[in-house]
Every structure is written in structure tokens, then in C-alpha cells.
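These notes are about the structure you will find just below.
All heavy atoms count here, side chains included; hydrogens, waters and symmetry mates do not. Residues: numbered from 1 along the sequence shown.
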Amino acid sequence: MEYTLVSKMFTNPNGIEVLLPAPVEPKSELLFNAGVYDGAVPFKETNAGWHGYIPWTDHPQWKQLAKEILDGAQQQAIESPFKPGQAAYDDQTTKLRVTGGIVGTRFSEYFMRLGAVLYNWPAESWETIKKDKDRSMLHVLSFPYNGEATKDDIVKHVITPNPLHFVRNHGNIPIIDANTWLLELGGLVNQPKSIKFDQLKSGFPTKTVTATLVCSGTRRKEQQMEALGEFDELINAPWTEQALGTARWTGVTLKTLVDYCGGLRDEATDIEFYGADTYFKRNKPDNYIVSIPIRKMEDTIIAFEMNGELLTPTHGAPVRAVVPGYIGARSVKWLYRIKALPHPSLAPVQSEEYLYFTHQMGKHNFRWSDGFQIGGMPISSAIMSPKNGEVVYHNGKVKVTGWAYTGGTSNWVERVEVSPNGGSDWYPVSTAQLSQKFWWAWRLFAVEVPTPAQGYLDFTVRAWDGNMNTQPTLVRDGWNWDTHVTNSCHHIQIYSVNLSDPQTALRLAQLHKHGLAFEPVHKPLEMELEDEVEYLNRIREGSIRRDPVE
């Protein structure tokens, strides 16, 4: 059987007919003006005091109409409404160029094409980020916003200051008035209830949990440098090693709220969370929806405070879920509905995103059913200093700092080891050089590693958890099509300059005397290496010979 795909001919040896989808004809009434749908639409903000929230999940007909509009724009190749010259676009582009991130033009288009209600949400979200986050943040993706702290900032504090905590958004940032906020508790609970913000804060016992939230894409850039994977509608942002943060989260346990509803019915197995932000999958909008198994109810916090302060809009105000040990994607922000189910959520974030595939899965063969849903994070660690490519001057020991983390359930970081030679020798970090041990949080480390060698060296780190699990050796050991969960041993390359070596110390003294810089290391020296006449005489006299005497 033969068929054509992108002008190339393939033969199916099994004789199975492969049907390629026929192009969908756009509806004739879909009219666009400057890239934006020009027509009446029903999409609207239905809740007073809830700006940036459209109840897509309650209006399937709205979702279908939005999909038809976006499909029409795509098939007719309608020009983008997000163009240079718009202040928000230019500002984001400038910031992203500085930090090496991606401008989310394509995702912004989804919002802007759908008319006046959603048009400004990408620009508004960018302004909210600038208000809530530190100016030093590295912008990995402008919209939906993804940002991480610098390597220096991330290890300054065991508890990450709120302005430096990483942000992984999947859509816009809603602005919700706490006085109008309402949490719906339903599904397979015995007594469905609704809770207002003041009742959540004062009507239940509160709990504070120290927990590290980690994006499953943390260290993704290492996989992308090894081999690119899928870039879907959400754009797999090129995270480095700082897509995580640790906070003290205060709120009410999910178990407490479920008990308030009379407990679960027997058939309940999972708890579904609804976020007020808008999320797109294959041109169809929805609210952000994921689930967790009921065994996580006692650990999970329905939080309203972060490090003793009320949540900011960027971090999910007024209320969010915090699921310790699980990937950050399960800790839903702008939470407004909790629903008990007899199965995991069927929403696309849960069933089609955040899946882990084998090495053998890719564009040629992968299916959603071939992956498994990512929950707890495995043991991982990373070096924050020195930085990759740095010239390090030392006296026989190199100071190394970084973090180590593990998720899952009832687990913790037990040990960290650093190698100055690519893993041939490992030096353990003493307990005194590790931060406090938590059930759900990272441990920061600082250790001086014996380093007599000079020149380019491969430093690497690995951690061990309380169950004696450690990290894979190579990035390729964990490569997967969606490039999630990079937890291989983290490697950096430095240029070692050991000042305790007499010849090295002499060379640097000579450079200092002549006012010459040592860096960059690849730049030739602008001075004589030694007395040229004496050197050539030694060759002439035979004290320096290449060949044997006989």
C-alpha cells in the first residue's frame, strides 16, 4: 500500500491503509479584521470581580465556536494580531532576548483573535508579572509566562522569597477579588458545598507546609540540547536548573474540606481541580483542569498564603492547590472548583499533557496511551555555582553550591555527592553543609571539592533519596519525546586554575606585572612564555629532544 505524506512517497509493508485527515473548510461567516475575529461572540466574564475568567468548561458550545474561529484563522493564514510596534510585544521581545527565552506570540494569538474580551489578556498578564516578580527573573517564555530566578538567587535562601519563586503558567493570569471568590466542592462527595474566602480562612483548622514546587520541565534545556522533542501548543519552554522554588504554604488540607462535605462516596478515586485561567489545546479553549489520586488528600493544601503573605495574582490568588511531592502542574492556581471523580481527570492537561514516554516513542509512533501520567518527581540535583564555562581560581579546592530535591510520597534527600572529574571520584557533602531536611522540600548544599587538576574539568553532582534511589548517569538515559523530568547527573564544565601550583602562580604574577588579563582563556598570551634564546639553545644542545637518543 502506498500513500503520500508531505510530497514524499512511503510504502506500508503491512498493507494497512493510512488515512490522512482532510482539510476542514472554514465557515464562510468567519471574518477577520487585522487578524482578530470581527463578529459577535458569546464569550464573556460571567462572575463579578473575576477578571480574566471565562467558564469555558460550563459552555461547550463556546469552546466549539472558539475552535472554529481559530481553525478558520489558521487555515486562511490570517495575519497575526500580535505585531512589532505594540508596546506589550516590544517590551516582551526585549526582555526575552536578554534572557534567551521564547516570545509566546503563537499562544498570544489564540487570545487576541477571539475578540475584545480576551484581546488584552496577554499584555495584562505581562504587566502583572512585572508587578509581582523581581526584576532579575529570567524570562523563559513570555506568554503563557514561564520564569525562573538566576543561579545566584535560587540558592541564597532555603525558603524562596515570593518575588523570586519560579512561575509556570499555562494561560492568562486572572485577577479575582477575594470578596467575590467562591469554591465549589462537588462530584462524588456525600454533601456538595460551597465555601467563601473568609470561611476558608477562619472556619477550618489551618496548616502550614514547607514544600518545594518543581516544574516537570526543570532542566529541560539539557534534553533539548541533546535532541529536540515535541513542541506542542503549550510550547515546551527551555527551562534551565531554576524552575523550582520552596515556600511555606498555609491553608486548609484537602482532607478537611472533603470531610466538611461528608466524605467521599465509595466509587471516588481521584480529586479534580479547576483553575480560572484559560488554556488552549488544538485551538480549543478550556479552563485549566487536572486531578490527583485521593491518597494525596491529607498532604494537599488548599492554600491562601505563601510565606506568610496572601497569594499574589501571579501565584494563584486568592486560593490555589499545593500538592507536595507532585509536579507543579498539579498545584492548580486560581482554584474555583474541586470535584471528586471515579477516575483521573479526562481534561487534556491530565490525559494528553505531562505524559512520560520511552526512548522509542516519537513523532513516528507515539500515542497518548503509550505514556504514563507524571505525578511525583524523582530524585534530582543541580550545580548553581560555579557556572558552566566559568574560569575558577582556587587553592586546590573548588567551592560548589546547588540544590537537591525529590518528590513522591514519604521521601526526602538523604545524601549529595560532587565529582570534579566527570564521576570518577565522588566527594560527599557533609550533613553540616546541607540545609535542613524536610519531607517535601529541597536541600541546598555548599561544599569545597578537592581539585588539584587544572584546565577544563567536568564537575557533576548526584543525590540520593531516603529510599536509596540516585540519578541516571547521562541525559540520554531519561530523554523522552515531551522532554519532561530531566533528572540525570547534572554536569558543568569549568576551567580550573589552581593557584597552589607554583608555575601557575608565577604565570599569573607575570600577567599582573604586565597589566595583562588572563581571560578569556582562549585568547593568546601577549607576552613571552619564557626566554626564547635559552629555550632554543636547549634544543640545540640536545637537552630538549623529541626523538630517542638511540
Side-chain angles (χ1 to χ4, degrees), residues 97-100 134-138 149-157 164 221 225 240-242 381-403 416-430 432-433 444-461 489-546:
R97 281 177 180 158
V98 170
T99 59
D134 193 271
R135 293 182 64 182
S136 67
M137 289 286 286
L138 303 177
T150 66
K151 287 177 171 54
D152 290 334
D153 286 340
I154 198 70
V155 290
K156 284 181 179 178
H157 313 273
L164 293 174
K221 197 166 186 178
M225 291 177 69
T240 58
E241 298 84 35
Q242 299 94 253
S381 60
I383 295 172
M384 295 294 98
S385 68
K387 298 177 180 65
N388 189 51
E390 185 176 348
V391 178
V392 180
Y393 306 87
H394 59 91
N395 287 298
K397 290 184 177 180
V398 172
K399 184 178 180 180
V400 179
T401 67
W403 58 260
V416 177
E417 300 169 323
V418 179
S419 171
N421 49 22
S424 294
D425 300 293
W426 293 98
Y427 293 88
V429 180
S430 70
Q433 296 167 312
L444 304 184
F445 67 87
V447 60
E448 289 192 326
V449 180
T451 312
Q454 301 194 81
Y456 286 109
L457 301 179
D458 179 356
F459 270 67
T460 186
V461 62
C489 294
H490 180 227
H491 291 256
I492 64 165
Q493 187 179 75
I494 69 167
Y495 193 91
S496 168
V497 181
N498 187 351
L499 301 177
S500 66
D501 176 76
Q503 189 165 315
T504 299
L506 176 61
R507 171 59 50 79
L508 292 181
Q510 292 171 334
L511 289 172
H512 179 71
K513 179 181 178 180
H514 291 85
L516 300 174
F518 182 75
E519 299 179 48
V521 294
H522 60 273
K523 182 180 179 181
L525 286 169
E526 298 176 3
M527 56 176 283
E528 294 295 335
L529 301 182
E530 54 188 306
D531 187 293
E532 184 179 21
V533 173
E534 180 184 347
Y535 168 65
L536 295 177
N537 282 337
R538 291 173 65 192
I539 295 175
R540 184 181 297 110
E541 296 167 357
S543 60
I544 297 178
R545 296 180 60 89
R546 179 184 182 278

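- At most 12 non-hydrogen atoms from other residues, nucleotides or ligands lie less than 6.0 angstrom from CD of Gln503.
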How far apart are the C-alpha atoms of Ser136 and Asp134, what are their side-chain angles, what is the distance that settles it, and do they pass the side chain to side chain donor-acceptor pair (under 3.5 Å) test? CA-CA 5 Å; Ser136 67; Asp134 193 271; 2.6 Å; yes

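- For the residue pair Pro420 and Pro450, the shortest heavy atom distance occurs at CG-O, 3.7 Å.
- To the nearest 0.5 Å, atom CD1 of residue Ile383 and atom CH2 of residue Trp403 are 11.5 Å apart.
- Side-chain contact check for Ser496 versus His394: some heavy-atom pair is nearer than 4.5 Å.
- Atom CD of Glu530 has more than 12 neighbouring heavy atoms from other residues, nucleotides or ligands inside a 6.0 Å radius.
- Around atom NZ of Lys387, more than 12 heavy atoms belonging to other residues, nucleotides or ligands sit under 6.0 Å away.
- Under the 3.5 Å distance criterion, the side-chain polar atoms of Ser543 are matched with a main-chain donor or acceptor of Arg538.
- Under the 4.5 Å side-chain criterion, counting only non-hydrogen atoms from C-beta, Val416 is not in contact with Pro428.
- With a 4.5 Å cut-off on side-chain heavy atoms, Asp153 and Met137 do not count as touching.
- Here Asp501 pairs with Thr504 under the side-chain hydrogen bond (donor to acceptor under 3.5 Å, both in side chains) rule; sequence neighbours left out.
- Applying the salt bridge (Lys or Arg N to Asp or Glu O under 4.0 Å) rule to Lys151 yields the partners Glu241; only residues at least two apart in sequence or on another chain are considered.
- Rounded to the nearest 0.5 angstrom, Thr460 OG1 and Glu417 CD are separated by 10.5 Å.
- Using a 4.5 Å heavy-atom cutoff, the side chains of Leu525 and Leu511 are in contact.
- A side-chain contact (heavy atoms from CB on, under 4.5 Å) with Phe445 is found for one member of Val418, Thr401, Val155 and no other, namely Val418.
- Annotation: salt bridge (Lys or Arg N to Asp or Glu O under 4.0 Å) contacts of Lys513 (sequence neighbours excluded): none.
- Aromatic ring pairs are classed by plane angle as parallel below 30°, tilted from 30° to 60° and perpendicular above 60°; the pair Tyr393 and Phe518 is perpendicular.
- Contact of the Gln493 side chain with the Asn388 side chain is registered, since non-hydrogen atoms from C-beta on lie closer than 4.5 Å.
- Atom CD of Glu528 has 12 or fewer neighbouring heavy atoms from other residues, nucleotides or ligands inside a 6.0 Å radius.
- With sequence neighbours left out, the side-chain hydrogen bond (donor to acceptor under 3.5 Å, both in side chains) criterion links Ser430 to Gln433.
- Residues meeting the salt bridge (Lys or Arg N to Asp or Glu O under 4.0 Å) test with Lys397, sequence neighbours left out: none.
- Taking CZ of Arg507 as the start and CG of Leu516 as the end, the distance is 11.0 Å to the nearest 0.5 Å.
- A heavy-atom distance below 4.5 Å is not found between the side chains of Leu164 and Ile154.
- In this structure, the side chains of Gln242 and Met384 come closer than 4.5 Å at one or more pairs of heavy atoms.
- Leu506 is listed as a side-chain neighbour of Gln510, based on a closest heavy-atom distance under 4.5 Å.
- When all heavy atoms of Ser500 and Gly396 are compared, the pair lying nearest together is OG-N, 4.2 Å.
- Without hydrogens or angle criteria, His490 side chain to Ser381 main chain gives no donor-acceptor distance under 3.5 Å.
- Of all the heavy atoms in Ile492 and Pro386, the pair that sits closest is CD1-O, 3.2 Å.
- In this structure, Leu138 CG and Thr150 OG1 are separated by 6.0 Å, a value rounded to the nearest 0.5 Å.
- Residues forming a side-chain hydrogen bond (donor to acceptor under 3.5 Å, both in side chains) with Thr451 (at least two apart in sequence, or on another chain): none.
- Atom CZ of Arg545 has more than 12 neighbouring heavy atoms from other residues, nucleotides or ligands inside a 6.0 Å radius.
- Atom OG of Ser419 sits about 8.0 Å away from atom OH of Tyr427, to the nearest 0.5 Å.
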